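Only this structure's heavy atoms are used, side chains among them; waters, hydrogens and symmetry mates stay out. On a predicted model such as this, the values are computed, not experimentally measured, just so you know.
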Amino acid sequence: MRKAMIYSLCFLVFLSLQLFHKNMITYATFTPNFPLYSEGVYMVNTDTDIVLVSKNAHQKLYPASTTKIMTCLVAIENIKDFDAKVLVPYETLNEFNSDNINFNDVSSAAIEPLQDNLTYWDCLYSLMICSACDSANVLAYNVGGGSIETFVNMMNNTARRIGCKNTNFMNAHGLFDENNYTTAYDMYLITKYAIDNYPLFTKICRSTSYDMPPNKRYPDGYTKYTTNKLIKPNSEYYYDSVYGIKTGSINKYYYKSNDEWDYNNFEYGSRSLVTIAQQNGYTYLIVSLCAPYYNDDGSETEKQLSYVDHINLYNWAFGEFEYTLVISKNEQIMQVDVDKGLIDDTVGIVSSEDFYTLLPKSLDPTAIQQIRPTVEIIEAPIAKGEEIGKLGLKLNDEILANITLVTEKDIELDVVALYSEKLKKIVTAPQFIAIVIVLGMLVILYITAMCLRKNYRRKQVEMQRRHKVQTILPQKVKKHKNSRDENHRKSMRR
């Protein structure tokens with residue numbers, strides 16, 4: 001019974017830790033020692049999936065042209081021949097000349113209506129390098145089977161498939177629409193999925209320029225250059241370790257009033273940025289949404305704050321963090337009492353693996369909290385390496401990992417103690433006591449019955465004896481009287 005209770009308790013502890021861990025990405029979430037200007041930030045070490053920074057990660061924000069990350073992903077997933085020529089009907093470009101002020105003066109690849117020498121390659125590279133909105137619509141039209149709306153539906157379906165919970169796309173280019181939104185976390189999921197599954201995605205995003213085919217405006221062809229200043233060697237924001245991925249910016253957000261565009265009332269826009277960087281074996285992916293485009297007084301910020309955020313975060317991560325051994329394999333975590341061990345009455349519980357994680361160099365290892373399974377006693381025999389439960393490692397109220405714990409050595413069973421306990425359990429069991437009581441009562445009843453029967457038989461014998469005496473005595477008296485009378489008669493005759 002005790003063994004069953006112990007195993008049940010171990011199982012419940014193990015299950016609770018697994019359920020808790022299952023719903024989480026590995027977290028550490030540190031606070032950098034500098035301000036973050038972007039409204040939403042999500043920074044992950046992609047080697048370990050450890051989250052270093054999470055600021056308003058699930059807040060719905062406008063992604064601007066980082067929307068094109070999803071456009072590129074859906075296109076790559078569905079294009080069968082990248083060398084094929086695409087169609088460029090007027091409807092793919094008309095909205096950029098409409099009365100929608102949010103869609104005017106946008107970044108483009110200088111694609112012309114009805115251009116017939118444009119390939120999927122041209123559209124994909126210009127989409128991600130120079131953030132071409134016209135390329136986004138041309139891709140959407142062709143991949144969507146002649147319908148931009150169908151392609152946008154594909155974007156939203158893909159977002160749901162990847163696991164995005166707070167994302168909705170209204171177009172393929174990311175120009176302002178109140179219902180075109182995402183979160184820093186969802187954009188991380190989209191970008192990470194594209195990186196992990198399509199090497200072509202990363203190849204396109206890390207390119208700094210692309211030669212476009214000629215058209216009427218540029219009969220000799222032309223070159224488009226990246227909007228990402230972190231990968232531009234001559235830029236003040238150049239960061240050698242960064243390779244890709246996508247910029248996004250909208251300077252002002254305009255709204256309609258009474259079905260008319262209100263040009264006087266607007267909101268100041270923002271800058272968004274998604275980048276990835278690798279240095280000394282460490283890789284980080286940063287999503288930042290809605291860094292201010294303007295100061296409070298309406299003047300444009302002196303620095304492009306989305307770049308400032310990323311540079312500061314990369315300097316901090318590459319300079320301050322390192323892989324640290326937190327738990328060594330076979331490191332003893334706790335001692336547990338052993339029941340019925342032949343020699344040992346305790347056994348060591350050790351880690352089944354080495355556990356490394358990303359931590360600040362200055363962090364005191366004792367800051368990592370150990371959540372040990374509740375196991376008071378284990379019953380022998382015990383095999384070395386027998387799983388006991390999970391060790392939870394917690395930092396800043398977040399779970400770092402759940403490490404499997406195992407027994408340190410074999411523990412033999414004390415057979416005498418085993419059978420002594422079994423005998424004790426038997427004789428003290430309520431069922432056994434009840435049986436003994438019943439048997440005792442039966443014995444008493446049997447003895448009582450035997451006594452009653454013996455007494456009854458004795459009485460019967462006594463009654464039979466008395467009856468016999470009563471029967472024989474009159475006969476003897478009569479016989480004696482008859483004999484006496486006969487003798488008297490004889491004497492009279494004489």
Taking the six-membered ring for Trp, are Y185 and Y42 ring centroids under 6.0 Å apart?
yes
Do R161 and E77 sit within salt-bridge range, that is, some charged N less than 4.0 Å from a carboxylate O?
yes
Given the side-chain rings of Y255 and W261, with only the six-membered ring counted for Trp, is the space between their centroids under 6.0 Å?
no
Nearest-0.5 Å distance that lies between atom CD1 in I50 and atom CG in L358
5.0 Å
For residues Y239 and Y314, establish whether the separation of their ring centroids is below 6.0 Å.
yes
Which of these, N137, N171, N100, sits in a side-chain hydrogen bond (donor to acceptor under 3.5 Å, both in side chains) with E95?
N137
Should the heavy atoms of other residues, nucleotides or ligands under 6.0 Å from CG of N179 be counted, would the total exceed 12?
yes
Say you draw a straight line from CG of L124 to CD1 of I204; how long is it, rounded to the nearest 0.5 Å?
4.5 Å
Does Y323 have its ring centroid less than 6.0 Å away from the ring centroid of Y282?
yes
Between D211 and Y222: side-chain donor-acceptor atoms closer than 3.5 Å:
no
On the 0 to 90° scale, with breaks at 30° and 60°, tag the Y268-F266 ring pair as parallel, tilted or perpendicular.
perpendicular
side-chain hydrogen bond (donor to acceptor under 3.5 Å, both in side chains) test vs S270 passes for just one of Y37, Y253, Y293, Y294, namely Y253
Rounded to the nearest 0.5 Å, how far does CD of Q278 lie from CG of D240?
11.5 Å
Using the ring centroid of each side chain, check whether F103 and F176 are separated by less than 6.0 Å.
no
